[in-house]
Amino acid sequence: MRRGIAAGVAAALLCAAALTGAFGVLLESALRAHGSADRYERAVAVVAASQRVETARRGSSDQTDARPLVERVRVPVSVAHRVRAVPGVTEVVADVSLPVVTANGAVTTGRGWDATALTAVTVRAGRAPRAEHEVAVDSGSGSAVGDTLRLQVGGRAPEPYRVSGLVTGRSAAGHEVWFGQRTAQALGGHPEHADALVVLGTKGTSTQSLRAAAPGLVVATGADRGDVENPEVAAARLDLIGVCASIGGVALLVVLLIVTGLLDISVRDRTRELAVLRAIGATPRQVRRVIVRETLKVAVPASLLGGLLSLGLGTLLHRFMAERGVLPPGLGLVLGPFPVVGALALAVLTAVGSAWLAARRVSGIRPARAVSETSAEPTRLPRWRMVTGLVFLVVGLGSAATAFALGGQVASAAMGGLVLSLIWAAALLGPWIARAGIAALGPVMRLLFPVPGRLATETATAAAVRLASVITPIALALSFGASQLFVQTTAVHATRTQAAAGVRADQVLVSDGPGVPRALYQAVEKTAGPGTVTAVKRTTVVMPIADQLQSLPAQGMKGALSNLDPGVKAGSLKGLRGTNAVALSSNVGSTADVGSTVSLWLGDGTLIHPKVVAVYDRGQGFGDVLLPHDVVTAHVTDAGHDDYLLVKGEADLRPVLDRFPGTRATSAGQYGAALTEKARTEGLPGLFAVAAISLFTLIGVMTTLAVATASRRRELTLLRLIGATRGQVLAMLRLETCLVLGTGAAVGSLVAAVTLLTFGGAVTGLSALSVSPSVCAAVLGTVFLSGMAAVMLPARRLLRRRKSPRLT
C-alpha cells in the first residue's frame with residue numbers, strides 16, 4: 001500500500017474508531033452507571049415499585065418490550081409492617097419528599113420526619129414537628145424556635161408554619177424543611193403511600209426474605225439503591241441505551257461506506273502490481289492475503305489510537321449533554337476498556353472486510369488475462385451490485401410511501417431506514433450516477449472550457465467506477481447531515497407554530513419553581529371570571545404503537561377548553577371529562593379511532609382503557625395524548641402543581657400572583673418561545689450526534705478525494721508526456737472535481753429533499769418545513785471548498801515542475 005494512501009486509510013480508521021468508541025462510552029455509562037445512594041447509603045435494602053412498563057412482545061413468549069416511567073411510582077406504607085418482621089431488620093423508614101416554595105420564591109425540599117434516621121439529623125434546639133403546621137429547619141437557616149415561616153407546599157396557597165425545632169446533621173447544607181411524617185404524606189397527595197421504604201438492619205438481612213415480604217415490589221440493594229433514590233437516572237439510562245444503539249448503528253454504516261470506498265481506491269491503484277502477482281502464479285487466496293495483511297498493518301495501530309482517543313471524546317460528549325440538562329445529574333460517567341476494545345474490533349473488522357471485498361475482482365482474474373486487465377477499468381456493474389442497489393432503492397422509496405400512507409409514529413420510525421436505504425442505493429449504483437452526472441455536466445464544461453473540459457469529461461467517463469467511490473461519501477455527507485439537521489429544525493419549528501396557532505388565551509401563568517399551585521386556579525378564576533381559566537398538567541404516558549411500546553408526551557386539562565385549539569379533525573374535546581376519555585393526535589391515531597378504546601399506561605404505570613373522543617392535528621405543540629386533568633394528577637409525582645394556566649381576557653392578575661411566590665404572567669408568544677427552547681434542548685443529543693457523524697463524513701470525503709488524486713500519478717504524468725501543459729492538467733482536475741462534487745451534491749440534496757418532504761408531509765405538515773438557505777449554502781460551500789482543497793493540494797505536489805516528466 002502506497003504511503004499516501006496508507007496515511008489516508010489510517011486517518012479514516014482513526015476517526016472511525018474515535019467516533020464509534022465515543023458512543024460506546026455513553027452506552028457503557030448507560031449500562032453500568034447508577035444514581036448515587038446518598039440518603040440511602042445506610043440502608044441494607046430499599047423497597048420500591050418498578051419504574052418501568054413491561055409487556056411481552058407479540059408472537060414471542062420470552063422477549064419483552066419495556067419503557068421507563070417518568071413519574072414516581074409510590075409504595076403502600078402498609079407493606080412496612082411485613083418488612084419489619086423480617087429477621088435482621090431494625091427499622092423501616094417511609095421516605096416522603098415534596099417541593100416547598102419559601103416566601104422569597106426559593107425552592108427547597110420537604111421531607112417526613114421519619115427520614116431523619118437516614119441522614120443522622122438530630123434536634124439541636126426545640127423538638128421534632130408534630131402538629132399539622134409545624135416544621136423543623138436547619139440551624140444555619142437564620143430562623144429560631146417559635147418563628148413563623150410562610151411556605152407554599154402541596155399545591156396550597158402560602159400558609160404559616162411554626163418552627164418547632166432546629167436540626168443539625170449531614171443534610172444541613174441542603175436547608176431542607178422537615179414536616180411531621182403524617183403531615184408530609186398528606187401534603188404529598190398520597191397519605192397512605194411513600195416514595196420508598198428504606199430498610200435499616202444488619203448485614204445478614206436476607207434479600208430473599210425481604211422480597212417475600214413485599215411481593216410485586218422491587219427490593220434494591222447495593223448500587224441499585226441509587227436508582228431508587230434517583231428514578232430519573234434509571235429512566236434516562238434506558239433511553240440513552242436506545243439512542244446510543246441507533247446512532248452507533250448509523251455511525252457504523254457510515255464508517256463502512258467510507259472505508260470501503262477508500263480501500264477500493266487503494267486496491268485499484270495497485271491493480272497492475274497485483275495482476276503481475278497473478279501472472280507469475282500467485283493464487284487468488286494469496287493475493288487476498290497480501291491485501292488483507294497490508295490493511296491490518298495500517299488498521300490495527302490506527303484503530304487502537306482512535307479507540308484510546310474515544311475515551312476523551314466520550315467524556316466531552318457526556319459533559320456536554322449533562323451541562324445542557326439532557327442527562328440527569330446523577331447519571332455518572334463510566335470509563336472502562338470495553339469502548340476501546342469494541343471500537344478497535346469494529347474498525348479492524350470493517351477494514352479487513354472492506355479490503356477482502358475490494359480484492360475479490362483482482363484476485364479472481366485469470367493469470368493469462370491478468371496484465372491486460374490493468375489497462376482499463378471495468379465499465380459494467382456486477383450483476384449482484386446492480387440488483388442489490390435496485391433493491392435498496394425500492395426499499396427506500398417504499399419507506400417513503402409507507403410514511404406518507406400511515407403517518408404518525410410509523411412515519412417517524414421510517415425516517416432512519418429511508419435515508420440509509422437511499423444512501424446504500426446511491427453507493428451501489430454509483431457508476432450509473434457518475435455517468436449520469438458526466439452526461440449532464442460534460443457538454444457544459446466542453447462548451448465553456450474546450451481543452452480542460454474535454455480532458456475532464458473523457459477521463460471521468462473512463463473512470464466512472466473510481467468516481468463512484470468518491471461521489472458516495474459526498475452524497476452521504478450532504479444527505480445525512482442536511483436531512484438530520486433540518487428534520488430537527490422542522491420539528492422545533494412545528495412545535496413553535498402549532499403552539500402559537502393553538503393557544504387562544506391572552507395570558508399564560510407559569511412558575512419559576514416546581515409548578516403553578518392548584519390553589520392559584522381558583523384564585524385566578526375568581527378574579528378573571530368563570531369559564532376563563534384552563535389548567536394544564538404535563539406528563540408522559542406509555543402506549544403501544546405498531547406493536548411496540550412508545551413513551552408519548554401527554555397533558556391533563558380542566559376548565560375552559562376554548563383557551564386552546566389543538567386542531568380537532570374528528571370528534572370533540574367536549575367529551576374529555578370523567579375518567580374514561582382520551583384524545584389522540586394524528587401522529588398516534590386516526591379519525592377511525594374515534595369511539596374506540598385504547599390501552600395506555602399513565603405516568604405511574606397504571607393501566608387504563610379510555611375511549612377516544614377526539615383526534616387532533618397539532619401534536620407537536622400539545623403532545624400526542626390529551627386526558628382529563630383529574631386522571632393525570634392522580635398518577636403523577638407532584639399532584640399539587642400544574643405546569644401552566646391559560647387565562648382569557650386582560651384582567652389584572654398581579655394582586656393574585658403576588659400571593660404566590662415564584663409565579664408570573666407571560667404572553668402566549670413568550671410561552672411559545674420557551675416551549676421552542678425546550679424542544680431545541682431535547683433535540684441536542686441528536687444534533688450533537690449528527691454533527692459528529694457529519695464531521696467524520698467530511699473528513700472521509702477529503703481523505704477519499706486526496707487518496708484518489710494521489711493514486712493518479714501515472715495518469716497525470718502520461719498527460720504531461722503527451723503534451724498537456726501543467727495549467728491544462730490542473731484546470732482539468734478542477735473541472736473534474738466540480739463534476740464529482742456537483743454530482744455528489746445533487747444526489748445528496750435529492751436524498752435529503754425526499755427525506756424532508758416525507759417527514760414534513762407525513763409527520764409535521766409541509767407548511768412546518770424549516771430549511772435555512774444560509775445553512776444550505778454554508779454546508780455546500782464547506783463541502784466544495786474542502787473537496788477542492790483535498791484534490792488540488794496533492795495534485796499540485798504531483799505536478800510540480802520538472803525538466804522532463806517521467807512515467808513511474
Side-chain angles (χ1 to χ4, degrees), residues 6-7 9-37 220-227 230 233-256 258-259 263 292-293 295-323 326-356 685 688-689 691-693 695-697 699-700:
V9 173
L13 289 173
L14 186 149
C15 294
L19 178 64
T20 54
F23 289 111
V25 169
L26 288 181
L27 182 59
E28 185 177 15
S29 297
L31 291 171
R32 296 176 56 192
H34 292 274
S36 58
T221 59
D224 291 336
R225 297 171 302 169
D227 291 342
N230 304 276
V233 172
R237 284 174 57 196
L238 196 58
D239 284 336
L240 188 58
I241 290 172
V243 170
C244 290
S246 60
I247 293 178
V250 172
L252 185 60
L253 290 175
V254 170
V255 168
L256 181 62
I258 291 177
V259 173
L263 290 173
V292 171
R293 192 180 299 117
T295 303
L296 278 173
K297 290 180 181 179
V298 175
V300 171
S303 301
L304 178 59
L305 180 58
L308 294 174
L309 292 176
S310 71
L311 296 177
L313 183 60
T315 301
L316 292 176
L317 179 58
H318 183 278
R319 181 181 301 174
F320 174 84
M321 295 173 69
E323 289 177 351
V326 178
L327 296 180
L331 183 59
L333 175 69
V334 175
L335 293 177
F338 297 107
V340 177
V341 174
L344 173 64
L346 287 174
V348 171
L349 289 175
T350 300
V352 170
S354 301
W356 185 86
F688 193 92
I693 295 174
L695 178 60
F696 166 72
T697 308
I699 293 173

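The one candidate from L308, V348, L346, V340 that meets the side chain to side chain contact (heavy atoms under 4.5 Å, CB included) condition with S303 is V348.
When all heavy atoms of S310 and A18 are compared, the closest pair comes out as CB-O, 3.4 Å. Closest approach of V334 to S29, counting heavy atoms only: N-OG, 3.0 Å. Closest approach of T295 to A355, counting heavy atoms only: OG1-CB, 3.4 Å. Taking all atoms of both residues into account, the shortest heavy-atom contact from A17 to A347 is CB-CB, 4.2 Å. L14 and L309 get closest at one heavy-atom pair: CD2-CD1, 3.9 Å. Taking each heavy atom of P301 and L296 in turn, the nearest pair found is CD-O, 4.1 Å.
Looking at heavy atoms from C-beta onward, L26 lies in side-chain contact with L317 at the 4.5 angstrom threshold. For the pair L333/V25, a side-chain contact is recorded, criterion being any heavy-atom separation below 4.5 Å from C-beta on.
To the nearest 0.5 Å, atoms CG (L313) and CG (L19) are separated by 7.5 Å. Interatomic distance, L316 CG to L311 CG, rounded to the nearest 0.5 Å: 11.0 Å.
Panel note: side chain R225, backbone G222; a donor-acceptor pair is recorded below 3.5 Å.
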